[in-house]
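Contents: one structure, followed by commentary.
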Amino acid sequence: MTETTATFRPPRNQWWDVWDQFKTHKGALVGLTIFVIIIAGILIGPWLWDMAPTYVDLRARNKGFSMAHPLGTDQLGRDILARMMAGGKVSLSVGLTAMGLAIFLGTTIGVLAGYFRRLEGPLMRMTDLFLALPLLPLLLLMVTLFREPLSKSFGPEGGIFLLIVTAIGATSWMQTARIVRGEVLALKEREFVLAARSIGTPAHRMVLRHILPNVMSPIMVSATLGIASAIITESALSFLGLGFPPDFPTWGRLLFDAVDQIQLYPMRVVLPGVAISLTVLSVNYIGDGLRDALDPRIRGR
Amino acid sequence: MPRKTVQKQKTGGLMRDRAQPVLEVTNLKTIFRTRGGEVHAVNSVSFDLKPGELLGVVGESGSGKSVTMMSLIGLLPSPPAEVREGRVMFDGLDLLKCTPAQLRAVRGPGVGFIFQDPMTSLNPVFTVGYQLREPLIKHMGMTKAQAQVRAKELLDLVGIPDAAQRLRDYPHQFSGGMRQRVMIAIALACDPKVLIADEPTTALDVTIQAQILELVKDLRQKLGMAIVWITHDLGVIAGIADRVMVMYGGQIAEQGPVKEVFARPRHPYTRALLQTVPSVRGERADKLNVIEGQPPILRAAPTACPFRDRCTTRFETCDRANPARSPVGPGHDAACFWDFDASAPRTDALIKEAAHG
Amino acid sequence: ERGSDGDVKILYAQAVSTMNAYLSSGTKDIEVGSLVLEPLAGFNEKGEVIPRLVTEIPSVENGGISEDMKSITWHIKPGMKWSDGTPFTANDPVFTANYCMDPAGGCAQLARYEGIEKVEALDDLTVKITFKEPKPNPFMAFVGATSPILQAAQFANCTGANASTCTEENFKPIGTGPFRVTEFRTNDTVMLEANPNYRDPAKPAFATALVKGGGDATAAARAVMETGEFDYAWNTQISPELQAELAAAGKGQFVNAFGTLVERIEMNMTDPSPDLPEGERSTAKHPHPILSDLRVRKALSMAIDRQILVDIGYGEAGRPTCNLVPAPEMFASPNTDCLTQDVEGAKALLDEAGWTDSDGDGIRDKDGKKLRLVYQTSVNAIRQDFQSIIKQWWNDIGVEVELKTVDPSVFFGGDAGSPDTIQKFYADVEMYANNFDGTDPEPYLAQYTCEKAPNPDNQWQGENINRFCDPAYDEKVKELGATGDMTERSTLAKRMNEMLTKDSYVVVPLVDRGRLSAHSNSLGGVILNTWDSELWNASDWYRIK
Amino acid sequence: MFQFTLRRLLIAIPTLLIISLVIFLLLEAAPGDPLGDVPLTVPPEVKAKMRTALGLDAAWYVRYFLWLKQMFWVEPMHLVDTLFGTHLAEGMQRVISFQSRQPVMDIIAERIPQTLMVVGSAYLVGVLIAVPIGILSAYRQYSWFDNLGTFISMVGFSVPTFFTGVVLIILFAVKLKWFPSVYDTTLKVTDWASFTAQLRQMVMPVTVLALYNAAQISRFMRSSMLDNLGQDYVRTARAKGLTEKVVVLVHVLRNSLIPVVTVIALGVPQIFGGAIITEQVFKVNGLGQQLILSIHANDLPMVMSLTFIFATLIVLFNLIADLLYGILDPRIRYD
Amino acid sequence: MADGTRAPLLEVEGLKMYFPITAGVFRKKVGDVKAVDDVSFTIYEGETLGLVGESGCGKSTCGRAILRLYEPTAGRVVLGGEDVLAAPASELRAMRPRMQMVFQDPQASLNPRMTVASIIGEPLDEHTTLSRAQKLARIYELMDKVGLNRDFANRYPHEFSGGQRQRIGIARALALNPKFIVCDEPIAALDVSIQAQVVNLLEELQDSLGLTYLFISHDLSMVRHIADRVAVMYLGRIVELASRDVLYDAPRHPYTQALLSAVPEPDPNAETARQRIILKGDVPSPANPPKGCNFCTRCPKVMPVCRELEPAFTEVAPGHFLACHLIQEAAVGAANSGANPGR
Ligand SMILES: Nc1ncnc2c1ncn2[C@@H]1O[C@H](COP(=O)(O)OP(=O)(O)OP(=O)(O)O)[C@@H](O)[C@H]1O
Ligand SMILES: Nc1ncnc2c1ncn2[C@@H]1O[C@H](COP(=O)(O)OP(=O)(O)OP(=O)(O)O)[C@@H](O)[C@H]1O
Ligand SMILES: [Mg+2]
Ligand SMILES: [Mg+2]
Ligand code: NI
């Protein structure tokens with residue numbers, strides 16, 4: 001038998017292993033680098049380039065690239081660089097949180113539906129219901145009911161942020177729920193779940209410890225796609241008056257506003273478009289890497 | 001590799017002395033490229049197979065039995081697998097050098113393969129009949145109707161009752177034993193010269209296993225093909241094989257006629273293996289013998305004996321060189337520096353070479 | 001010659017949902033309907049009433065209008081025919097009036113028939129309308145595209161509750177206009193052909209017409225100006241730069257004309273604070289804590305440079321204005337004092353009103369309260385630009401501004417349950433555009449009386465959304481209602497306009513918005529008319545060869 | 001299987017009733033008023049009268065039951081009438097749109113052709129290009145083709161259709177003048193010329209939508225193929241001496257298509273839902289555009305009926321997806 | 001062994017586990033898969049009862065039903081005086097530490113995303129309030145006990161060989177000091193040389209900790225090695241139960257005889273000489289077992305009575321239980337007409 005006196009390490013935080021594996025995934029590293037650059041640009045950028053994104057300068061309308069305005073100005077003379085940075089902050093935080101919420105809801109509902117037989121029928125019918133609900137009236141209703149109470153308790157921006165995030169999250173979890181449910185149904189029959197049951201693990205810990213970690217990979221895919229749609233949906237929401245105050249830039253809105261003028265000022269369309277695509281791509285690759293890294297079977301190889 | 005005649009045996013009764021081997025493998029090396037580096041799964045394996053012969057292959061899990069056989073007809077996924085060197089002569093054709101089309105022509109009519117796991121080796125969405133007809137239509141040039149007739153015959157042959165009906169069923173509608181028989185039928189479809197059976201009965205229980213063993217004996221008599229039978233179960237080998245090949249750590253540890261090897265094992269691994277198995281008959285030991293330790297991790301081609309860490313008769317030469325196979329009896333060779341008859345290191349050319357090199 | 005010029009294609013960014021103006025209040029429906037259905041009289045591009053199916057315009061002089069202003073008599077041109085060949089008689093207008101005034105019908109143009117006691121046919125060619133009270137402006141019923149004449153025979157079974165079940169009739173009405181419908185696809189396309197019985201045998205020049213709906217203003221303009229797929233695009237309100245860009249393609253041209261549509265900022269005279277209990281918010285109970293002060297309102301107006309707004313948002317299709325009633329000429333006040341921006345003056349005014357920046361954060365305050373306003377409007381690219389610019393100007397004079405946008409269907413929807421309607425006005429200032437129908441501003445100015453303020457008791461349905469309340473103004477409204485003399489009416493109206501704008505700054509007009517439409521270079525005869533349907537003279541359109 | 005279908009269909013009835021009630025209540029509660037379009041100049045009393053005429057003053061449950069009756073009793077009878085020339089529904093009120101005062105079902109029927117034509121063929125094209133791309137990128141995983149595929153589908157997914165649509169219009173309608181920018185719904189295909197005209201006007205909207213659909217489906221296809229390429233039965237197929245083409249396109253594809261086909265089936269209701277933005281950009285005026293118009297106009301009967309039909313399709317296609325799974329995968333049998 | 005000195009630890013009486021087969025629109029129950037059908041036996045403290053039989057005959061189901069991982073249809077299971085099947089959920093959870101299970105497939109029964117330490121530690125998390133350090137100490141202790149290097153604590157299951165994985169499963173089962181362990185084919189998935197390691201380990205642990213095993217396997221030679229008494233199952237029922245030596249030396253049920261004869265010997269000479277009883281046909285479906293004796297469809301010695309009457313499970317010799325008409329006829333003789341109607 002093996003030596004028991006050999007030196008040994010105490011259990012090490014498994015996130016180190018994850019990171020070690022993650023580092024070996026080239027795409028993921030590139031993705032992470034780009035993502036970090038984007039985040040840094042958004043967070044640190046405004047310190048270096050401290051022009052207010054909402055500052056209207058009517059003498060400098062529709063300017064091209066210049067020293068004063070590296071990315072030019074828009075039709076009201078607002079600095080596009082500053083707007084891109086401010087917009088990124090909003091878009092990314094909305095995208096990430098809304099995606100987080102959608103994933104949370106979808107996963108919860110999917111897991112409950114998959115794990116508890118009795119809940120499956122009602123929950124899946126509810127999923128159908130949400131898929132069928134007309135989005136626009138639902139969103140408008142949400143604004144009507146919650147805009148004021150929320151902005152009262154969290155300030156106008158915080159309140160609207162919450163509202164947007166909930167609105168997007170609450171209307172985009174269905175796909176995830178469906179996928180997760182399918183996976184859970186299969187996982188439930190696996191023997192290690194039975195093994196945990198023989199130990200007396202109660203249902204909630206069973207789900208947290210044994211089911212959830214094993215449905216990470218489809219969740220990760222949904223998450224990647226979720227960010228993209230959340231960023232786009234946010235811009236759609238502002239056309240319902242549900243978005244942030246109208247002078248508040250977001251990537252989605254910058255893109256939409258510029259589309260009409262695409263012939264005159266193509267760069268104004270390209271910039272936010274590229275920003276969104278880059279974010280989505282980098283998140284996608286990070287997701288790929290993370291999925292591999294989180295799977296100890298792949299990690300060990 | 002020494003080409004010695006194998007003693008004639010009663011079983012099968014189709015031994016052909018001095019016959020040309022149908023399959024001749026020389027110095028086969030297969031590696032896997034993985035993130036953690038290369039895995040040398042098969043190292044310089046050489047063996048041959050004569051027409052009508054049943055070669056048993058035993059060895060611990062992971063010793064490279066399946067990989068060796070799959071390398072022969074290029075069935076390993078590549079990447080990560082890579083056949084580094086070696087020569088596989090079949091019917092005058094080097095299977096490692098021929099074109100994919102030539103290789104495809106060999107698979108099926110030349111070499112039939114029964115895979116380890118009958119549960120997953122059949123395509124779940126096609127009927128058994130379809131899967132049986134496929135090679136018939138492709139290789140035997142049959143029409144669909146002809147193939148259907150032949151498929152029914154094949155199922156009858158492997159002893160599935162009500163064959164005509166069952167052709168329309170899907171694999172999941174068969175029990176494990178029946179699926180394994182279907183796999184055998186597929187492998188036999190084109191009357192292969194060589195049949196490679198990779199642990200065809202491991203997943204089955206004894207009564208079903210007994211049925212299949214009977215079937216194979218039967219078929220061999222009827223069709224006269226050469227068979228490679230991979231298994232862990234020494235009992236099975238004892239029952240059906242003419243010759244046995246013991247693999248360890250990607251190499252052949254010992255090879256020889258079944259009775260010879262079982263009676264006078266010349267490799268410590270074979271010896272240990274034979275001792276671990278309890279029996280349903282005879283004396284019952286108080287404690288089972290075990291082979292202590294772990295099989296080697298094949299990160300590189302071994303430069304020393306791969307079994308040395310678990311060997312009871314290890315001595316310094318074992319750490320220095322990897323023993324080559326050398327004859328220890330008629331048609332019997334082993335890769336070990338220890339002489340069990342003398343209970344001392346060998347004294348012949350093999351050890352001298354190693355001691356110098 | 002009729003039908004010689006082939007096909008004309010018209011693009012409406014909003015799709016047409018019915019041809020019957022009485023069942024829809026959408027401009028697009030009314031205008032496209034006007035190709036088929038005609039009123040007795042219409043307006044020309046100058047806002048003058050012109051005869052269509054009648055011999056002349058009634059007046060007191062020619063006896064068409066009674067001395068007491070309680071009745072008006074129309075004389076139908078002899079020989080008028082419906083498109084199915086039957087004669088047009090006085091019966092038809094009478095039927096039309098009854099059709100709309102039927103309480104179960106849900107007539108969308110009921111306002112045009114307000115105050116009518118009865119409509120009768122004196123003979124086959126004479127119609128007389130009697131009013132309950134004297135009507136200084138009797139050109140409501142049967143005048144303009146909003147009150148066209150339906151054929152009694154066709155709609156006989158479509159009165160009252162049946163109005164909405166007559167799909168075939170509503171989509172393919174028989175009319176007297178230059179065209180008749182051949183195929184109608186709801187909210188999509190209307191296909192028309194020349195009316196064989198049109199009164200002028202040489203018109204219309206086009207044999208067929210197609211009206212397509214959908215898309216947005218930019219796309220519509222593009223289809224005429226750049227790709228040339230369409231001959232005419234309705235309401236192509238796009239940014240001036242884009243206008244220039246599209247015009248450069250050389251396929252068509254923009255036409256514009258000014259009417260009474262004014263983009264304005266409305267000041268809330270009551271307190272919209274969410275801290276107030278529901279039911280008291282934005283009601284007369286609580287005057288606005290900041291905007292109740294005239295000096296603040298005036299300062300806010302002074303900080304705005306209207307010309308810049310026009311340049312950015314409308315270009316040729318707009319002009320700065322200080323008036324609520326910018327047209328017609330006789331009702332437009334000469335007031336221009338707001339046209340020059342005066343930032344310093346605005347600051348001084350705020351100082352004077354006691355709003356000073358005591359803590360140096362750039363925002364004025366008074367008694368510990370910040371000068372902070374919520375500024376709402378509907379979702380619309382130009383409005384959002386305006387919001388941003390005006391916010392900047394107001395920031396410059398030390399006012400903090402929070403912007404808010406609302407979906408137009410909610411904002412203008414008037415749903416008492418929603419907090420975001422213009423009527424509820426749960427904001428400090430709001431911006432939108434409004435106009436009045438026809439040429440008479442009386443009903444429009446009459447909206448600003450005290451009792452018309454929306455409040456919980458009238459389910460927030462009033463039109464005086466500023467909650468402006470001045471007894472002197474209410475007096476003037478009464479006076480105007482009783483005045484028949486045109487010059488007197490004009491001075492009164494100008495005065496009232498000034499009371500709302502330059503005297504009180506309750507309404508802060510910004511831009512007099514014209515109509516902007518586009519037509520291809522090969523389409524001739526287009527004259528844009530803001531007083532009536534844009535397609536008012538489609539019978540005169542022709543192909544330039 | 002039949003039993004299963006029947007059971008699911010039976011369950012679908014209460015489900016749909018509940019869904020319809022929820023939708024109705026949602027539309028009731030949502031802000032907006034069918035009279036929102038009425039000019040601000042119209043006095044409130046007049047508006048009140050118009051409201052009564054629309055039946056809006058009745059309590060919500062009365063209107064809900066009225067709608068139920070019209071939808072499930074009158075409309076089917078009307079359908080029977082038009083099909084067989086009977087007069088069952090004579091004199092009964094059908095579901096009428098507030099906006100156009102036309103029976104809602106007639107409008108929907110009028111619009112289905114163009115929606116199916118454009119959105120449907122876009123879906124078809126999307127699937128047709130997604131499947132081979134998915135197969136190839138899985139078969140050559142991590143090759144340049146696979147990486148390019150990933151890149152394009154990710155970009156395709158993250159760039160909204162309002163952007164791609166306008167870009168196409170500028171390029172192909174404005175600059176090159178190859179295709180019209182406005183879709184003509186009245187075009188009837190009678191001869192070769194009108195057929196090419198129909199094709200030409202479909203090219204751009206179909207491209208935009210197909211790109212978007214393909215981006216998603218190809219991802220599913222790829223991962224499904226990857227799952228199956230490593231299976232043991234693939235090795236068996238190769239061991240039989242089958243060509244790579246047969247191995248991949250028959251054995252692996254058939255297995256990989258099972259999950260993908262169900263995903264595709266689940267996407268079909270979206271076709272009937274229309275592609276709101278694309279229809280708008282190209283003025284296709286299909287069901288999606290009608291829905292958005294009706295929502296903006298607060299045309300409750302229209303929105304209600306459209307969403308309900310949509311819900312029915314979703315429930316139905318959920319069932320179809322499950323059934324397809326059972327049919328394609330012999331291992332799954334519904335008792 | 002069934003000597004009276006040992007107290008029974010586990011008593012199983014009339015255990016039935018039917019899986020319902022439902023059909024129809026309203027999912028009406030139309031039948032049962034009789035995976036375990038009326039099984040009774042006793043296990044004494046410190047002994048090992050082997051349970052053998054072919055695949056699908058209900059061995060695993062039986063083991064799982066005893067531990068109440070399934071809710072059995074009927075029967076009584078008493079473990080150390082406590083009724084397992086009647087206990088409410090909370091009590092059952094409290095009972096879990098006393099009865100544990102080692103699973104058939106060591107790969108499948110370990111969560112691939114948990115480290116060895118957390119897998120072994122899971123029962124400790126659930127049932128004890130040890131501190132982190134204490135827990136770690138206990139985990140190491142267990143790893144030592146089953147012969148796993150402490151260094152492996154951070155590894156994941158896939159990084160181990162089958163035998164090592166099974167050791168992890170055993171360590172997990174031992175974590176709470178159980179009295180009784182169901183070993184559900186713990187060696188079936190392992191390679192011969194490793195099988196011996198695991199079996200030795202189980203034996204060692206039994207000696208040092210006084211464990212009681214229900215050892216499920218279809219490997220008859222291993223069962224012979226480890227079990228004290230052996231029960232043979234066929235299609236949901238126990239057909240023969242006797243002490244090991246009796247069963248292997250003189251099997252009396254035709255199925256047991258066939259089973260034993262089918263086991264191959266690793267001795268070429270003996271192998272060629274051996275007489276096998278080759279059974280014909282496949283095992284019938286447990287959803288639709290044949291009438292009469294379950295084995296009648298494949299039995300080489302089938303008699304007409306077998307197709308009609310179900311044989312009773314009776315004690316034909318001290319400690320030797322059997323369900324077969326052949327023997328019972330001989331043993332009970334003329335009394336058969338009196339004995340059978342009772343059943
Ligand atoms: N795809 C692969 N990637 C990496 N290594 C592999 C792969 N397939 C097999 N190996 C390695 O090759 C070696 C030989 O494996 P092989 O499957 O031939 O063993 P075996 O003797 O057939 O064992 P078993 O009895 O378990 O079937 C093992 O060490 C295994 O880990
Ligand atoms: N959850 C279940 N639902 C329905 N039938 C089941 C279920 N679990 C097991 N069965 C059936 O019960 C019978 C007994 O199964 P069990 O797993 O106990 O067999 P076993 O003797 O352990 O076989 P093996 O040796 O292959 O593990 C089988 O026919 C199986 O199909
Ligand atoms: Mg193998
Ligand atoms: Mg089992
Ligand atoms: Ni909107």
Side-chain angles (χ1 to χ4, degrees), chain C residues 11 15 17-18 20 23-26 103-108 110-111 114 161 163-167 170-171 183 185-189 191 210 212-216 219 222-223 226-227 229-230 249 408-410 412-415 417-418 420-422 434-437 443-444 458-459 461-463, chain D residues 29-54 93-94 96-103 106-107 110-111 114 166 169-170 173-174 177 180-186 279-285 289-290 293-299:
Chain C
L11 187 57
S17 57
T18 181
N20 183 348
L23 294 183
S24 168
S25 30
C107 177
L110 203 53
E114 273 281 280
S164 56
T165 58
C166 290
T167 315
N170 293 333
F171 290 171
E183 188 178 341
R185 291 169 169 258
T186 318
N187 284 332
D188 179 15
T189 314
M191 304 225 272
L210 179 138
K212 167 91 182 177
D216 53 42
R222 202 165 263 151
E226 276 196 320
T227 66
E229 287 164 84
F230 280 78
S409 74
V410 176
F412 299 112
D415 184 340
S418 166
D420 294 325
T421 60
I422 35 171
N434 198 1
N435 64 344
F436 55 94
D437 197 18
Y444 190 51
N458 59 16
Q459 275 75 49
Q461 291 302 320
E463 300 119 305
Chain D
D33 185 284
L35 301 178
D37 253 7
V38 175
L40 297 172
T41 40
V42 173
E45 317 83 72
V46 177
K47 277 193 182 177
K49 280 185 201 157
M50 292 163 69
R51 199 179 294 275
T52 315
L54 291 177
Q93 176 87 353
R94 301 176 63 190
I96 300 286
S97 151
F98 282 170
Q99 204 188 9
S100 64
R101 308 299 175 90
Q102 189 189 3
D106 292 357
I107 303 182
E110 196 174 82
R111 284 172 175 252
Q114 53 256 38
V166 171
I169 287 187
I170 302 256
V174 175
K177 307 214 186 315
S181 71
V182 178
Y183 187 95
D184 180 4
T185 48
T186 58
E279 284 190 358
Q280 190 110 351
V281 169
F282 295 99
K283 294 162 241 18
V284 176
N285 296 351
Q289 184 247 13
Q290 178 62 53
L293 276 184
S294 309
I295 287 175
H296 276 283
N298 291 298
D299 185 349

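Quick note on labels: first sequence line is chain A, next is B, and so on, each numbered from 1.
Between the CZ atom in Arg222(C) and the CD1 atom in Ile169(D) there is a gap of 7.5 Å [rounded to 0.5 Å]. Interatomic distance, Leu23(C) CG to Gln102(D) CD, rounded to the nearest 0.5 Å: 12.0 Å. Interatomic distance, NZ of Lys212(C) versus OG1 of Thr185(D), reported as 4.0 Å (0.5 Å rounding). Atom-to-atom distance recorded for Thr167(C):OG1 and Ile96(D):CD1 is 6.0 Å, nearest 0.5 angstrom. Summarising the geometry, atom OG1 belonging to Thr186(D) is positioned 4.5 Å from atom CE belonging to Met191(C); distances are rounded to the nearest 0.5 Å.
Residue contact with chain C, scored on non-hydrogen atoms closer than 4.5 Å, involves the side chain of Arg111(D) exclusively. Neither the backbone nor the side chain of Cys166(C) comes within less than 4.5 Å of any heavy atom of chain D. With a threshold of 4.5 angstrom between heavy atoms, Glu229(C) approaches chain D through side-chain atoms but not through N, CA, C or O.
Taking chain D as the reference chain and counting heavy-atom pairs below 4.5 Å, the highest number among Arg185(C), Glu226(C), Glu183(C) is found for Arg185(C). Annotation: maximal heavy-atom pairing with chain D below 4.5 Å, among Ala15(C), Ala249(C), Cys107(C), occurs at Cys107(C). For the set Val166(D), Ile107(D), Val182(D), the entry with the most heavy-atom pairs within less than 4.5 Å of chain C is Val182(D). Considering only heavy-atom pairs separated by less than 4.5 Å from chain D, the leading option among Asp420(C), Thr18(C), Thr421(C), Thr227(C) is Thr227(C).
Contact of the Asp188(C) side chain with the Gln289(D) side chain is not registered, since no non-hydrogen atoms from C-beta on lie closer than 4.5 Å.
Under 3.5 Å, the side chains of Asn187(C) and Gln290(D) contain a donor-acceptor pair of N or O atoms.
The two residues Gly215(C) and Lys283(D) have their closest heavy-atom pair at N-CG, 3.6 Å.
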